[in-house]
2 protein chains.
Amino acid sequence: MDKKESLSQHLIDFLSNQILTEMRPNDRLPSERDLMLQFNVSRTTVRNASDKLELSGLVTRMHGKGTFVTKRSESLTNLADLFSFSKTMELQGRTPSDRIIKFKKISADEELIQRLNLKENLNVFEVDRIRMASGKPMMFGKSFLPAGVFEGLTRKQLEENSMYRTFEDDYDVHIKEADESCRASILNDKISNLLDEKPGAACLRLERVTMDNSGRAIEYTISWARADEFNYRIKHLYR
Amino acid sequence: MDKKESLSQHLIDFLSNQILTEMRPNDRLPSERDLMLQFNVSRTTVRNASDKLELSGLVTRMHGKGTFVTKRSESLTNLADLFSFSKTMELQGRTPSDRIIKFKKISADEELIQRLNLKENLNVFEVDRIRMASGKPMMFGKSFLPAGVFEGLTRKQLEENSMYRTFEDDYDVHIKEADESCRASILNDKISNLLDEKPGAACLRLERVTMDNSGRAIEYTISWARADEFNYRIKHLYR
DNA sequence: TTAACAAAGTGGTATTTACCAGTTTATAGG
DNA sequence: CCTATAAACTGGTAAATACCACTTTGTTAA
């Protein structure tokens, strides 16, 4: 049943869980050599895991000193922590809701094929949604889901449950990680209208590719987020 | 004379230069095993260099296929790694330079007093700079430095050395950490002019407070960065 | 001709060993 | 008591080797 997981991935899972549940910012992690012994793996494996944890921003390494839990400062809606829109909004005491304005099966173009790493079945579902918090439109997103993974997906399913919930419950697809990038952009007429904003207003354009446990790309999403509601916060540690 | 440079750094320099001057998007790089032979280094070293190149967005690896030059639209500077503008630009094979367009001592307003946690001496130096990479204006920044920390600071000092270099060498101020936030915004007439862009163009507005070893706030900077050159990349890990 | 399979090529993970480069701490000498 | 220095940490770079997982290509058999 369980997909065999790499040693470094196991370390990543263990450490990130440890960090989030039992450690506090600036706490020091065991040294790489200690982790070698504790988990009976090579230093390469430990460093591999550390690389990923550092990339995800969970830890910060300092030459000669050690590896520490990164401190993240408070934020309005810190995009770095925005893995799930609905969960984040709930956490802020706002009521999240989606309005699906498009749902159809299309054939993937070259870019989609590459992003989702499609093989035989080139059909994808396109889902366009306006995402709201307590009635206020916050972002607009276009998601593309491989039809080969989500066979028989219906609009009704997505209207009744959140997308990630549908992945888990209806298709037994478990999210493992996501690569996201974000840049500044300008709202065009159509999207500004949907977000109740002026055309030409600033926005953040987000792109995300989400992967499941077995490494399949299961979602490619482009979102446009109101500039006045989202930001990124990062803490840099030197030397 | 030569600063000793690691083998992987040498590989990085060579490859990034190669990519920027002689290769086009989607071109394939030599395989890792070929690079081993060409440069007479171990695969560890090749992969180390590849890791960095992938991180910097210059190349994209595909399991079983090869390593390819990333499409230009994806090769933006990752702000999450931009602790130092000049160092980041050098890593990309570009030549960083600053043009100081304002330098004067002013009296801090309420906001500055709070951000820099000023006590008695409310004087601050304001330094406005255009930051360029290989001659192209990349971002505009207004920095505020407590006069109590940097006594007798002159424009000449900043023109001769980088700001952080001046902190270290001339004032023995060692940077420990920085809190940064970023959001989308629109360029106004003045700044768009300085950046050689159109007014109303999208930009990222960055704010940073930098602290030294003793926890003093030593710098507060607001920057406006070209939307077509910078983005944030984040890797989310789910549990 | 075509479908199935094998081989060769790619990046990905892992081990073991060695040494380099910073930081902290213990210790010896004044 | 202090200072210099050595030892013992820390993470960083590098080599050599092996095998796994995925993709392309070439060959073989139906």
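Residue numbering restarts at 1 for every chain, and letters A, B, ... go by the order of the sequence lines. On a predicted model such as this, the values are computed, not experimentally measured, just so you know.
Side-chain N/O atoms of Arg33(B) and base N/O atoms of dG11(C) include a donor-acceptor pair closer than 3.5 Å.
For dA14(D), neither phosphate oxygen OP1 nor OP2 lies less than 4.0 angstrom from any side-chain nitrogen or oxygen of Thr44(B). An OP1 or OP2 oxygen of dG11(D) is reached within less than 4.0 angstrom by a side-chain nitrogen or oxygen of Thr67(A). Arg61(A) has a side-chain polar atom (N or O) that falls below the 4.0 Å cut-off from OP1 or OP2 of dG12(D). Here Ser8(B) reaches the OP1 or OP2 of dA14(D): one of its side-chain N or O atoms lies under 4.0 Å away. Side-chain N/O atoms of Ser6(A) include none lying less than 4.0 angstrom from OP1 or OP2 on dG12(C). Look at Arg47(A) and you won't find any side-chain N or O under 4.0 angstrom from OP1 or OP2 of dA14(C).
dT10(C) atom P lies 10 Å from atom CG of Leu35(B), rounded to whole Å. Rounded to whole angstrom, the span from the CD atom of Glu54(B) across to the C1' atom of dG12(C) amounts to 11 Å. Rounded to a whole Å, the NZ atom of Lys65(A) is 11 Å from the P atom of dT25(C). Rounded to whole angstrom, the span from the CD atom of Glu32(B) across to the P atom of dG12(C) amounts to 6 Å. The separation between Asp51(B) atom CG and dT13(D) atom P is 11 Å, rounded to whole Å. Atom CZ of Arg28(A) is separated from atom P of dT10(D) by 6 Å (rounded to the nearest Å). Residue Lys52(A) contributes atom NZ, which lies 9 Å from atom P of dA14(C) at whole-angstrom precision. Between Glu5(B) atom CD and dA21(C) atom P there is a gap of 14 Å when expressed in whole angstrom units.
Ring-plane geometry between Tyr220(B) and Phe144(B) is classed as parallel, the angle between the planes falling under 30 degrees on a 0 to 90 degree scale with a further cut at 60. By the 30° and 60° cut-offs, the orientation of the rings of Phe150(B) relative to Phe167(B) is parallel.
The residue among Arg43(B) and Thr45(A) whose nearest nucleotide of DNA chain C lies closer to the 5′ end is Arg43(B). Residues Asn48(B) and Met36(B) each lie close to DNA chain D; by heavy-atom proximity, the contact nearer the 5' end of the strand is made by Asn48(B).
Note: Phe103(B) and Phe125(B) meet the aromatic proximity criterion, with ring centroids under 6.0 Å apart.
Under the stacking definition used here (centres under 5.5 Å, planes under 30°), the residue His63(B) fails to qualify as stacked on the base of dG12(C).
Residues Met139(A) and Phe85(A) are in side-chain contact: their nearest non-hydrogen atoms beyond the backbone lie under 4.5 Å apart.
The nucleotide whose nearest atom lies closest to any side-chain atom of Ser42(A) is, among dA15(D), dT15(C), dT10(D), dT15(C).
Just one of Ile218(B), Val124(B), Leu153(B) meets the side-chain contact (heavy atoms from CB on, under 4.5 Å) condition when paired with Leu145(B); it is Leu153(B).
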